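Every value quoted in this text rests on a predicted model; they were computed, and no experiment measured them. Letters A, B, ... mirror the listed sequences (proteins, then strands); counts begin at 1.
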2 protein chains.
Amino acid sequence: MAAGQGSATEMTRALDAAAARCLRSGAQLTELRRQVLALVLETDQPLGAYALLDKLKAQRPGAAPPTVYRALDFLLEQGLIHKVERLNAFIGCVEAGHDHGHGHDHAHEHGHQFLICGGCGATIELSDHAVAHALADAARRVGFQLRKTTVEAEGFCAACLASGAGAAAGAPA
Amino acid sequence: MAAGQGSATEMTRALDAAAARCLRSGAQLTELRRQVLALVLETDQPLGAYALLDKLKAQRPGAAPPTVYRALDFLLEQGLIHKVERLNAFIGCVEAGHDHGHGHDHAHEHGHQFLICGGCGATIELSDHAVAHALADAARRVGFQLRKTTVEAEGFCAACLASGAGAAAGAPA
DNA sequence: TCAGGTTCGGTTACTATATAACGCAGGTGC
DNA sequence: GCACCTGCGTTATATAGTAACCGAACCTGA
């Protein structure tokens, strides 16, 4: 359960695509980085750095905080994962799987958004251009040059609303 | 310098307005909360909880982490300050000053956005409806009920771009 | 006037998140 | 060989945030 990648094969394919993408940008997806990426991808929910560290220790007993943080920094730079600021946690980038020729240049991020369900903890990644454009417009209007955007929201997902989990908090009985 | 409120008088007026607003919502702006709010307001840049704690200790020698965090939680609930997630820091809410009759209900947040300058650290608060609406639309489209949104961006402010601080990072020579 | 609640905040201890600084191993180029 | 770079192990520490317990102040109702 909680598998972001359905099968080992799929995972391998995703990791290889990531490796290829790194190479194209002159970076190297080393064994450590590949392990950390695999751990992030195999959980489709955001994973804290220390939760990740615990998992990593199974494969790499000597692992310490800098071990994971360095790998995470690399993966963030490569756009292979995202950080969910509200949770101080990391999650695979949905875009990273599809290998469109140029990758995205992490300077030309099209923007992404996270919706975090307070009921079940599910985190949904959107890639809504209207949101990205509205923010870009607002920034341009005050002469601000965007480099990286963080758009996150907390609330209730459709499933939790349907099952009434949102009712208690959203509409008091 | 770095005064969000131009004068002591202005600050007092802002604090009194905040107190009035708290009363209306059945809450109390105690001396501690008032001190913490004043410290946040007198710095127009985001302030970390521990930086705040240091300042607070001048007035309240026994202050400890829970002292500030409890006050900050209260001020956040009242909508008097915001948390900048990317910085784990707190900043006064620009809206809180103007005392429009009903306050805003912190359930009906109209949404706000922060633009954080990587050059000078300035943090600009926007209140752009287009951004808020775009996000609300995107959420509704996937059946997600928003409760609280976090929209933050890092980049370069107009002043830093003009003085060339952004050139190095934004447009390689 | 006293028991019972509530809010507020002091205090101690702790957990969680993140980074600094040092150093070494392996590759690359001269 | 020597200088340089990247990657990472290792130790220590900084920063951020909470849990739990306690007592003071203040209500309230009997």
Measure from [atom1] on [X] to [atom2] on [N] and round the result to the nearest Å.
X	N	atom1	atom2	answer
B/Gln59	C/dG10	CD	P	12 Å
B/Phe74	C/dC8	CZ	C1'	11 Å
B/Leu32	C/dT7	CG	C1'	13 Å

For residues 19-73 of chain A, which residue pairs qualify under ring-ring contact (aromatic ring centres under 6.0 Å, His included), counting only residues two or more places apart or in two chains?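 Residue pairs passing ring-ring contact (aromatic ring centres under 6.0 Å, His included), neighbours aside: none found.
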
Does any pair with a residue in residues 114-146 of chain A pass ring-ring contact (aromatic ring centres under 6.0 Å, His included), and if so which ones, sequence neighbours excluded?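 Pairs touching residues 114-146 of chain A that pass the test: A/His82-A/Phe114, A/His112-A/Phe114, A/His129-A/His133.
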
Short side-chain to backbone donor-acceptor contact, [X] and [Y], under 3.5 Å:
X	Y	value
A/Arg33	A/Gln28	yes
B/Arg60	B/Thr67	no
A/Gln113	A/Val151	no

In the 5' to 3' direction, the nucleotides of DNA chain D bounding the stretch that comes under 4.0 Å of a heavy atom in chain A are D/dG7 to D/dT11

So that I can tick it off, tell me whether B/Arg147 and A/Glu154 are bridged by a salt bridge, with the cut-off set at under 4.0 angstrom between side-chain N and carboxylate O. yes

A/Asp137 bridged to A/Arg140 by N-O distance under 4.0 Å: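 Salt bridge: yes.
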
Nearest 0.5 Å, please: how far is CD in A/Glu152 from CG in A/Leu87? 7.0 Å

Holding to side-chain contact (heavy atoms from CB on, under 4.5 Å), I want the full list of residues that pass it with B/Ala51, two or more places apart in sequence or in another chain.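 Testing B/Ala51 for side-chain contact (heavy atoms from CB on, under 4.5 Å), a comparison that skips the adjacent residues, returns B/Leu47.
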
If the cut-off is 4.0 Å, is B/Thr30 near the phosphate of C/dT7, judged by side-chain N/O to OP1 or OP2?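 No, because none of the side-chain N or O atoms of B/Thr30 sits under 4.0 Å from OP1 or OP2 of C/dT7.
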
Distance below 4.0 Å between B/Arg60 side-chain N/O and C/dG10 OP1 or OP2: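 For C/dG10, OP1 or OP2 has a side-chain N or O of B/Arg60 closer than 4.0 Å.
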
Transitive ILVMFWY side-chain link B/Ile124 to B/Val84, under 4.5 Å: no

Qualifying residue, where the test is side chain to side chain contact (heavy atoms under 4.5 Å, CB included) with B/Phe90 and the options are B/Leu75, B/Leu72, B/Thr43, B/Leu39: B/Leu72

Can you give one letter per nucleotide of nucleotides 11-24 of chain C, 5' to 3': B if a protein heavy atom sits under 4.0 Å from the base, S if only from the sugar-phosphate, - if neither? BB----BBBBB---

Nucleotides 25-28 of chain C: which of its N/O atoms have a protein N/O under 3.5 Å away?
none

